Amino acid sequence: MKLNEQDEATATAATLLIDGAWREAASGQTFASLNPADERVIGHVSAGDARDVDAAVAAARAAFEERRWLSLPPPQRARILHAVADRIEMELDTLAENEVRENGMPLTMARATIGGGAQAFRYFAGWIGKIHGQTGEMAQGEQYFGYTLKEPVGVAALIVPWNGPFMMACHKLAPALAAGCTTVLKPAEDTSLNTLNLVRIVLDAGVPAGVVNLVTGLGSVAGAALVAHPDVDKVSFTGSTPVGRQIVQAAAGNFKRVTLELGGKSPVIVLDDADLALAVPAVLNGIMANSGQACVAGSRLYAQRGIYDRLIAAVAEAAGKLVIGDGLSAGTQMGPVISAKQFERVMGYIEGGVAEGAELVSGGKRRGETGFFIEPTIFSHAPHDATVMREEIFGPVLSATPFDDLGWAIAQANDTRYGLAGAVYTRSLEKAHTVARAVRAGNLWINCYSVQDFSLPFGGYKESGWGRERGAMGLEAFMENKSVVARLY
Ligand code: NAD
């Protein structure tokens, strides 16, 4: 389904999928979804509420108890997840264009993220049939036989943000299904429509009805009902730290298992001996990719004094050359931010940065009159306590400061409530690994930025989250461990 060419589902705003059937929300209410590049309506989304969440959770619970998914032999389940990946790849052109219309990212990035969604299904399909418990020698002797079983945690609520909507839904759905869970997916308000395509693909590939359910709606209504629901066993959430905190409280009712991938204010340290030809584009892309709307965005730059001026000048020059526009236009390197609300928020931070004494060396203004475009913005000599140095902006804003002593830079890097990511650029092996050890964050890059792989766990320290996605840990997050002891004689 191509956005703007509404098929039956979106034409009627039947954007909820419950027990294999598309339906409208019980409230009968809808809200519009906009293209952030031209502010035109691309479709309507049903505003689900607690009644729809009850129905979706009941469907997921029934599918789980009836073992509709888990009773399929492992090779069949793996084949189905591979079929999901095949179908995503077959529809990649349309899915990527939809992602651009909904989120605003450049088409090249959308194609990469949709491809990343397919990879998630392939990677986790490979785990099915390879999920093992353990046996151990018991102190009680051979009269007893003890072993462990890994079992799906049950009904999993999967809550996704707007900044990589299709891919992040895949990153949650694939491990949840590989673990044997049944699910209720809740996309973000601004980017719900392409998720309908994902869910359609999952059904067409052979995932039984009720195993994947979709509830669209407002986070404060549908999302809140889902995370508080007593029949949900697990919440996997990617989004902002304040909402993560609310989810922890809501989940306490029945002690849901909770995985949180939250915000960040990731430090980038560039040493005097760095290869600037490599560092300049990496630093720029590390913050400006997806218009800065990336949880791992390298938004704080600490550069050693010997190269500071050259680095800032080169990054600012490259930022000025970035082609800004509609993600579907050829050559676009940076699209708009997601919404009017986000636009106002980011512009507010930029004004605050100037007011708090950071030196604006590039950008800082709106681009055009239609669409939510913001110039790539660079602040130099940003005071350590300036808001632009401390808070997650989630926009194309880099705040830099020089340093002399690496120990000082590491201390500044760690002086944050976040701990999602960081990077160091240097030719010194010793310094690279010293920084990698010292920075308290879940992901650390050396001479590159945001290079990620399914084999590596992804997640944050401190207020950047709980738990890890991807890799074996990502699968474990959707499983319980059961110890079984049998008396043999
Ligand atoms: P958000 O927290 O506002 O919303 C995320 C999702 O949660 C949406 O689907 C929303 O509808 C839902 N939601 C909102 N309130 C809820 C509630 N009370 N209960 C349950 N669900 C609720 O975040 P956002 O603005 O959509 O996304 C941006 C944030 O996400 C940034 O802070 C960013 O750093 C973070 N993020 C983190 C990662 C990561 O992996 N660590 C990845 C991407 C984005």
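Just so it is clear, the values below take in all heavy atoms, side chains as well, and ignore hydrogens, waters and symmetry mates. Read the numbers this way: they start at 1 and go in the same order the structure lists the ligands and their atoms. Predicted, not measured: the structure shown is a model, and the values here were computed from it. Positions are given from 1 along the sequence.
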Practice task
Walk me through it: do E99 and R111 pass the test salt bridge (charged side-chain N to carboxylate O under 4.0 Å, His left out)?
Solution key: CA-CA 9 Å; E99 198 77 346; R111 293 183 65 85; over 6 Å; no
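- The G223 neighbourhood of ligand 1 comprises atoms 19 (N), 20 (C), 21 (N), with distances under 4.0 Å to a heavy atom of that residue.
- Annotation: side chain of E91 is in contact with side chain of I201 (closest heavy-atom distance under 4.5 Å).
- Aromatic rings from F394 and W162 are positioned such that their centres are separated by under 6.0 Å.
- Counting heavy atoms from C-beta on, the side chains of E391 and Y349 come closer than 4.5 Å.
- Residue contacts with ligand 1 include A224, since one of its heavy atoms falls under 4.0 Å from the ligand.
- Not a single donor-acceptor pair under 3.5 Å links the side chain of K234 to the backbone N or O of V153.
- Taking distance alone, with nitrogen or oxygen atoms compared against 3.5 Å, S464 stays at or beyond that limit from ligand 1.
- Taking a cut-off of under 4.0 Å to the non-hydrogen atoms of G239, the atoms of ligand 1 that pass are 2 (O), 5 (C), 23 (O), 29 (C), 30 (O), 32 (O), 35 (C), 36 (N), 37 (C).
- Ligand 1 is approached by M168 to a heavy-atom distance shorter than 4.0 Å.
- By the criterion of a heavy-atom distance under 4.0 Å, the side chain of Q246, and not its backbone, is placed next to ligand 1.
- At distances below 3.5 Å, not a single donor-acceptor pair connects side-chain atoms of D38 with backbone N or O atoms of G371.
- For the pair F343 and P36, the minimum side-chain heavy-atom distance is 4.5 Å or more.
- Side chain of T191 to backbone of P165: no donor-acceptor contact under 3.5 angstrom is found.
- Only the backbone of L262 comes within contact range of ligand 1, with a heavy atom under 4.0 Å; no side-chain atom does.
- At least one heavy atom of P187 sits under 4.0 Å from some atom of ligand 1.
- Heavy-atom proximity to atom 34 (O) of ligand 1, evaluated over H171, E189, E469, E392, is greatest for E392.
- Residue contacts with ligand 1, taken as heavy atom pairs separated by less than 4.0 Å, do not involve Q293 at all.
- When non-hydrogen atoms are compared, ligand 1 lies under 4.0 Å from the backbone of T238 as well as from its side chain.
- When non-hydrogen atoms are compared, ligand 1 lies under 4.0 Å from the side chain of N163 (C-beta onward) but not from its backbone.
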